[in-house]
Number of protein chains: 2
Amino acid sequence: MTLTAAQPSPVARLYPAELMPSVGELFERAGVAMTFCADEEIYAQGEATDLVYRVTSGSVRAARLLSDGRRQVAGFYYQGDLFGLETAPIHRACTEALCDTRVFAVRRSALRHYGELGEHLERMLWRATGEELSQVRDHMLLLARKNAVERVAGFLDDIAQRLGGDWVDLPMTRQDIADYLGLTIETVSRMLTQLQVEGVVQFQGCRRFRIRAPARLASLVAA
Amino acid sequence: MTLTAAQPSPVARLYPAELMPSVGELFERAGVAMTFCADEEIYAQGEATDLVYRVTSGSVRAARLLSDGRRQVAGFYYQGDLFGLETAPIHRACTEALCDTRVFAVRRSALRHYGELGEHLERMLWRATGEELSQVRDHMLLLARKNAVERVAGFLDDIAQRLGGDWVDLPMTRQDIADYLGLTIETVSRMLTQLQVEGVVQFQGCRRFRIRAPARLASLVAA
DNA sequence: CGACTGCTTGAGAGTACTCAAGTACTGTGG
DNA sequence: CCACAGTACTTGAGTACTCTCAAGCAGTCG
């Protein structure tokens, strides 16, 4: 990991509400830039939760390990996403970069020194926490009540919507997907093959795909 | 549902930090008391998220329905728990009372009229959202990576810890438990029988149990 | 080109599900 | 007080889906 910016200096000017900077600007102004290469750890399970991050470019995976080695991927974060939001003093999950990734990190405990900017950021963090809660609940529904095809279809739909574009490049391995969906790597592979055979999606190599039958994909995702 | 208190009146006194009232007091002061009988709906899926609730007595189940009838119980709330916390303007889940239940409801949009009390409550809501996020993540891990016995053991451990006491009375049906754990009612029943046969727990009727071998239960719950 | 890692495919096994029957608990009416 | 109905729960047998283990294939890097 490399720091590419100096420690931030307090910024406590008054902003008229309509000129309040975007979340991205807030992080760039109040945070520290960091870069990580593929598979590098951003923070560890058990580390203090003082820093909050925003993905500038690249993508990130949050994971938890059970004592017997089973792994669960709690989520993926892409460009523009905030992560590291936890109320507990210690991280319950670790996060790692999936590919070369740049983030801005803000020290939570320092927010009160940033005046209005800090308050604004705090509100943003709250909102992001709420949004994450609702995402996690959706994922819970998927894990509790959906079969393998539906899970994989849901995943492809999600990521296509999140990353946009005609063709989508998957930044994560099959193992990551499996651990995210509560399946095995073989089952994920089989379902991907099945969806491709059925003409729902089309793959170009194993990391790049495009949706060919959005309606059929949507019917699998249901809700 | 019955209202048993008048609409609250603004309370904007100054509280020294150390005299700040507890969450319970805050809800009683700023909220409206409501009572629900068993299986009565507290709010519906799709309803506005303006109200936030706190359980005074009884217990509550939050559930979501898939279009094909599959149901997922998102969580249970017991005495002292806050629920209804969502950032989205509309509830993604409905909540129902499991038994005769009393709650206090606070109108979120009214908080800014309550001065310091309101700000304090907002902070409480934020913290509660964070705590719920971490609980939901634990549950996600359970759903993604644990087998039937481990799920049921985890559930019993959770509820015993939450409700306390030697003997624990389950306020929910087997169907509720199954929909919460992503299992069928028959599997839940079989696992409960198995745990009882193995001497891990003991049942008195089908709604009242006690933990007989905490260590063995803990080893099943793992983490 | 060869080794390595990541992905796919196949065969067989196991866990949880489905369907079906039976038992226990609760409340109602005789 | 007991019989009955209704609901909730348990148990059993057979099935299906996903997992495990094993082998083969593809893309990448030195």
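What you see below is based on every heavy atom in this structure, not just the backbone, and it leaves out hydrogens, waters and symmetry mates. Within every chain, numbering begins at 1; the chains are lettered A, B, ... in the order of the sequence lines, protein sequences first and strands thereafter. Everything numeric in this text was worked out from a predicted model, so none of it was measured.
Between the CZ atom of A/R71 and the P atom of D/dC19 there is a distance of 15 Å, rounded to whole Å. Taking atom CD on B/Q204 and atom P on C/dA24, their separation rounds to 17 Å, with Å as the unit. To the nearest angstrom, P of D/dC17 lies 18 Å from NZ of A/K146. Rounded to an integer number of Å, the gap from CG of A/N147 to P of C/dT18 is 11 Å. Between the C1' atom of C/dT18 and the CD1 atom of B/I185 lies a distance of 13 Å, rounded to the nearest Å. Atom CG in A/L170 sits about 15 Å away from atom P in C/dG6, given to the nearest Å. The CG-P distance, from B/D179 to D/dC9, rounds to 12 Å in whole Å. Per the geometry, CZ belonging to A/R190 stands 16 Å off P belonging to D/dC25, to the nearest Å.
Contact annotation: side chain of A/E186 to base of D/dC21, donor-acceptor pair present below 3.5 Å.
Contact between the side-chain N/O atoms of B/T187 and the OP1/OP2 oxygens of C/dC17 is found at a separation under 4.0 Å. In this structure, B/T193 reaches the D/dT11 phosphate: one of its side-chain N or O atoms is under 4.0 Å from OP1 or OP2.
Ring pair A/F104/A/Y53: centre-to-centre distance not below 6.0 Å. If you look at A/F83 and A/Y77, their ring centroids are closer than 6.0 Å.
In this structure, B/R207 reaches the sugar-phosphate backbone alone: every heavy-atom distance under 4.0 Å involves primed, P, OP1 or OP2 atoms, never a base. Among the protein residues, B/S189 comes within range of the nucleic acid bases, having at least one heavy atom under 4.0 Å from a base atom.
Residue B/R127 qualifies as open at atom CZ: its count of foreign heavy atoms under 6.0 Å is 12 or below.
Of the two residues contacting DNA chain D, namely A/G205 and A/V188, the nearest-nucleotide position lying further toward the 5' end is that of A/V188.
Checking D/dT20, C/dT8, D/dC9 against every side-chain atom of A/T184, the shortest atom distance belongs to D/dT20. You'll find that the side chain of A/C206 is closest to C/dC7, out of C/dC7, D/dC9, D/dC19.
Under the 3.5 Å distance criterion, with hydrogens and angles disregarded, a donor-acceptor pair is assigned to the side chains of A/R210 and A/Q202.
Taking the charged nitrogens against the carboxylate oxygens, A/R71 and A/D176 do have a contact shorter than 4.0 Å, which makes a salt bridge.
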